[in-house]
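Let me begin by presenting the structure, written as structure tokens, before commenting on it.
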Amino acid sequence: LNDENEERLKHTSQSLRQATKTLTRNLQENVDLAGNLVKIHNKGQEVLELLAKTASELQDSSGSFPTLQAAVDKEEAWQQHVAETMEREKELSDKTTKMRERLNEERMSMTQEMAQKDDIIATLKDE
């Protein structure tokens with residue numbers, strides 16, 4: 001039971017580190033200082049509440065910490081959602097690029113066709 005709790009704490013610690021890295025990256029990308037300070041404050045409050053609940057749960061005789069696990073699960077679900085969204089955005093971007101290329105090809109083809117027809121019309125008028 002102790003080894004299991006230790007392993008779960010290790011996993012949770014890793015997840016929290018990952019969430020911190022994600023927050024740091026998001027804050028660096030968003031240079032809005034006031035907004036960043038609010039995000040930091042809110043995230044800090046969430047972490048403090050989470051740690052307080054987890055400490056309380058660890059003191060219980062059950063030796064489990066569902067609040068922490070729920071927080072980790074929520075963060076993992078969010079990261080999965082972000083990854084899926086980024087993948088969809090990449091796919092849509094690729095499709096858009098291909099469609100633009102195809103549109104340009106069609107425009108060039110139509111321009112060539114129109115030039116050929118203009119040549120034919122000019123030739124017929126000359127005859």
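Computation of the quantities below employed the complete heavy-atom set of this structure, encompassing side-chain atoms and omitting hydrogens, waters and symmetry-equivalent molecules.
- Of the residues Glu89, Glu91, Lys90, Lys95, the one that meets the side chain to side chain contact (heavy atoms under 4.5 Å, CB included) test with Ser93 is Glu89.
- Placement of Met108 and Met99 in two distinct hydrophobic clusters is found when ILVMFWY residues are connected by side-chain heavy-atom separations under 4.5 Å, directly or transitively.
- Between Glu113 and Ser109, the closest side-chain pair of non-hydrogen atoms falls below 4.5 Å.
- Gln112 and Gln116 form no side-chain donor-acceptor contact under 3.5 Å, judged by distance and modelled atom types alone.
- Between the side chains of Glu49 and Gln45, not a single donor N or O lies within less than 3.5 Å of an accepting N or O.
- One finds the OG1 atom of Thr111 at 8.5 Å from the CE atom of Met114 (value rounded to the nearest 0.5 Å).
- One finds the CG atom of Leu48 at 12.5 Å from the NZ atom of Lys43 (value rounded to the nearest 0.5 Å).
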Full working for side chain to side chain donor-acceptor pair (under 3.5 Å) between Glu75 and Gln79: CA-CA 6 Å; Glu75 181 64 28; Gln79 289 179 5; 3.1 Å; yes
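- If you take CG on Asp126 and CD1 on Ile121, they are separated by 12.0 Å, rounding to the nearest 0.5 Å.
- Looking at Gln18 and Gln14, their side chains never come closer than 4.5 Å, going by heavy atoms from C-beta outward.
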